[in-house]
Amino acid sequence: MTSTATPASSDASDGTDSHASRRRGPAKGTPRAPRMKREERERQLLDVAESVFADHGYQDTTMETIAAAAGITKPVIYDHFGSKENLLVAVVARAREDLLSSTAAALDALPPHSPLEAHFRAGVRSFMQFFEARRGSFRVYMQESAVAVVAGQDIENLRQAQAREIAERFSGNAAIAAYPMAYREAMAEIMIATNERVAAWRLRNPEIDLDTAVEIVMAVLWNGFGSYTAGTVPAVEVSPRS
């Protein structure tokens with residue numbers, strides 16, 4: 001009786017690993033990131049995610065892309081942030097905190113008893129310099145519709161929190177502290193909105209330099225706010241926050 005040999009499997013014949021197709025994490029040969037403490041890893045992932053979002057846009061970015069760029073496995077990102085949406089919110093929150101810190105530093109660097117106009121100019125320039133340095137990220141967060149759908153409310157909450165912090169910082173200047181808190185908050189909201197819109201305009205008009213952008217914003221903001229004195233500010237009634 002003639003026996004029929006069983007053909008060798010393709011895995012056995014070519015020596016490949018039958019589990020290779022189920023490999024997790026970065027592709028073979030991708031450099032792996034060193035072990036880090038949790039806080040260090042989160043900072044690294046935020047840095048990488050911000051860069052990848054800026055290069056590819058939020059919609060076209062996958063967790064696999066971010067993991068490969070960070071040299072880690074995808075589950076590590078989920079362990080830290082839970083989802084791509086949460087990662088986006090964390091990246092935006094950090095950017096807002098960085099913006100507020102840079103603005104605070106610019107105001108703190110002013111000489112004592114600087115005039116009110118100097119505070120406005122320093123704040124505007126700090127905003128514009130920040131957007132200049134994070135131009136790619138700013139384009140994604142402010143202009144990509146998918147970001148508005150996923151994180152629009154979170155971004156708005158961060159913007160309002162930033163306005164309140166700026167309004168509170170205004171109280172450190174005697175000329176501004178005389179204004180009612182509600183008016184200071186309105187001033188901060190207008191400053192943020194104006195800076196964001198002019199920064200977005202510059203994305204479409206890259207030939208506009210930073211100094212010109214600062215002067216445009218100042219022409220709008222200071223000519224308006226500077227026309228008031230503390231005694232002539234309209235009364236603003238607002239309901240207490242719950």
Side-chain angles (χ1 to χ4, degrees), residues 42-70 77 81 84-109 119-163 165-166 169 188-222:
E42 287 186 357
R43 285 195 296 270
Q44 182 226 14
L45 291 176
L46 291 174
D47 289 340
V48 171
E50 181 170 353
S51 176
V52 174
F53 286 149
D55 289 342
H56 302 285
Y58 173 77
Q59 187 70 29
D60 293 332
T61 293
T62 65
M63 294 291 256
E64 288 85 355
T65 305
I66 296 172
I77 305 178
F81 297 101
K84 189 173 85 164
E85 292 83 356
N86 289 343
L87 178 57
L88 171 68
V89 172
V91 169
V92 173
R94 187 182 68 161
R96 285 281 171 189
E97 290 171 2
D98 292 347
L99 172 58
L100 187 60
S101 295
S102 64
T103 303
L107 295 175
D108 290 342
H119 281 77
F120 270 80
R121 189 178 300 279
V124 170
R125 177 169 290 277
S126 177
F127 266 79
M128 288 297 164
Q129 287 175 331
F130 184 86
F131 292 145
E132 182 85 8
R134 311 276 273 268
R135 180 178 288 237
S137 303
F138 176 74
R139 184 190 301 274
V140 173
Y141 307 145
M142 300 306 300
Q143 296 191 325
E144 189 170 338
S145 58
V147 172
V149 172
V150 170
Q153 188 56 55
D154 294 285
I155 293 172
E156 179 57 27
N157 290 342
L158 292 166
R159 185 182 287 115
Q160 291 177 16
Q162 183 181 23
E165 290 194 45
I166 292 174
R169 282 193 59 82
E189 292 267 8
I190 293 168
M191 288 180 68
I192 291 170
T194 304
N195 277 286
E196 287 181 354
R197 294 314 308 162
V198 172
W201 172 71
R202 285 190 70 208
L203 291 175
R204 303 190 301 274
N205 298 274
E207 70 279 5
I208 304 299
D209 61 33
L210 187 140
D211 288 338
T212 300
V214 170
E215 292 309 314
I216 289 172
V217 175
M218 283 299 296
V220 174
L221 292 181
W222 181 246

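Model, not experiment: these values are computed from the prediction.
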Got a sec, which residues hit salt bridge (charged side-chain N to carboxylate O under 4.0 Å, His left out) with Arg43, two or more places apart in sequence or on another chain?
none
On a heavy-atom basis, which atom in Ser102 and which in Phe130 lie closest, and how many Å separate them?
OG-CD1, 4.0 Å
Would you give me the side-chain donor-acceptor pairs under 3.5 Å for residues 45-56, sequence neighbours excluded?
unit_1 : atom_1 : unit_2 : atom_2 : d
Asp47  : OD1    : Arg94  : NH1    : 2.8
Asp47  : OD1    : Arg94  : NH2    : 2.8
Glu50  : OE1    : Arg94  : NH2    : 3.3
Glu50  : OE1    : Arg134 : NH2    : 3.2
Glu50  : OE2    : Arg134 : NE     : 2.6
Glu50  : OE2    : Arg134 : NH2    : 3.3
Glu50  : OE2    : Ser137 : OG     : 3.0

Tell me whether Asp209 contacts the main-chain N or O of Thr212 through its side chain, where contact means a donor paired with an acceptor under 3.5 Å.
yes
Which residues share a salt bridge (charged side-chain N to carboxylate O under 4.0 Å, His left out) with Asp211, sequence neighbours left out:
Arg125
For Phe120, all residues meeting ring-ring contact (aromatic ring centres under 6.0 Å, His included), sequence neighbours excluded
Trp222, Phe225
Counterpart residues, side chain to side chain contact (heavy atoms under 4.5 Å, CB included), relative to Gln153 (two or more places apart)
Glu156, Asn157
Quick one: side chain to side chain contact (heavy atoms under 4.5 Å, CB included) partners of Leu107, sequence neighbours excluded?
Thr103, Leu110, His119, Ala122, Arg169
Are the side chains of Arg96 and Leu100 in touch, meaning some heavy atoms are under 4.5 Å apart?
no
Residues in side chain to side chain contact (heavy atoms under 4.5 Å, CB included) with Glu189, at least two apart?
Gln160, Ala163
For a 4.5 angstrom cut-off between non-hydrogen side-chain atoms, does Arg202 reach Leu210?
yes
Given the rule in the side chain to side chain contact (heavy atoms under 4.5 Å, CB included) test, do Val147 and Ile155 qualify, once you have shown the distances and angles that lead to the verdict?
CA-CA 9 Å; Val147 172; Ile155 293 172; 3.7 Å; yes
Residue pair Val124 / Thr194, side-chain heavy-atom distance below 4.5 Å:
no
Apply side chain to side chain donor-acceptor pair (under 3.5 Å) to Thr65 and list each qualifying residue two or more places apart in sequence or on a separate chain.
Thr62
Heavy-atom pair of closest approach, residues Gln44 and Ala70
NE2-O, 3.2 Å
Applying salt bridge (charged side-chain N to carboxylate O under 4.0 Å, His left out), name anything that partners Arg121, two or more places apart in sequence or on another chain.
Glu117, Glu215
Is the side chain of Thr61 donor-acceptor paired with the backbone N or O of Gly57 at a distance under 3.5 Å, no angle test?
yes
Are any non-hydrogen side-chain atoms of Ile192 and Phe127 less than 4.5 angstrom apart?
yes
I'd like to check Phe81 versus Val89 (side-chain heavy atoms, cut-off strictly below 4.5 Å). Are they in contact?
no
Residues two or more places apart in sequence or in another chain: which of them pass side chain to side chain contact (heavy atoms under 4.5 Å, CB included) with Glu97?
none
Looking only at heavy atoms, what is the nearest atom pair of Ala199 and Met128, with distance?
N-CE, 4.1 Å
Would you mind reporting whether Phe131 and Leu99 have side-chain heavy atoms less than 4.5 Å apart?
yes
Just so I know, are the side chains of Val92 and Asp154 near enough to count as touching, which here means a heavy-atom distance under 4.5 Å?
no
Taking only residues two or more places apart in sequence, or in another chain, which ones meet Glu42 in a salt bridge (charged side-chain N to carboxylate O under 4.0 Å, His left out)?
Arg38
Cut-off 3.5 Å, side chains only: do Ser101 and Asp98 have a donor facing an acceptor?
no
Should Ile208 and Val198 count as side-chain neighbours, where that means a heavy-atom distance under 4.5 Å?
no
Sequence-distant partners of Glu85, side chain to side chain donor-acceptor pair (under 3.5 Å), two or more places apart
Ser83
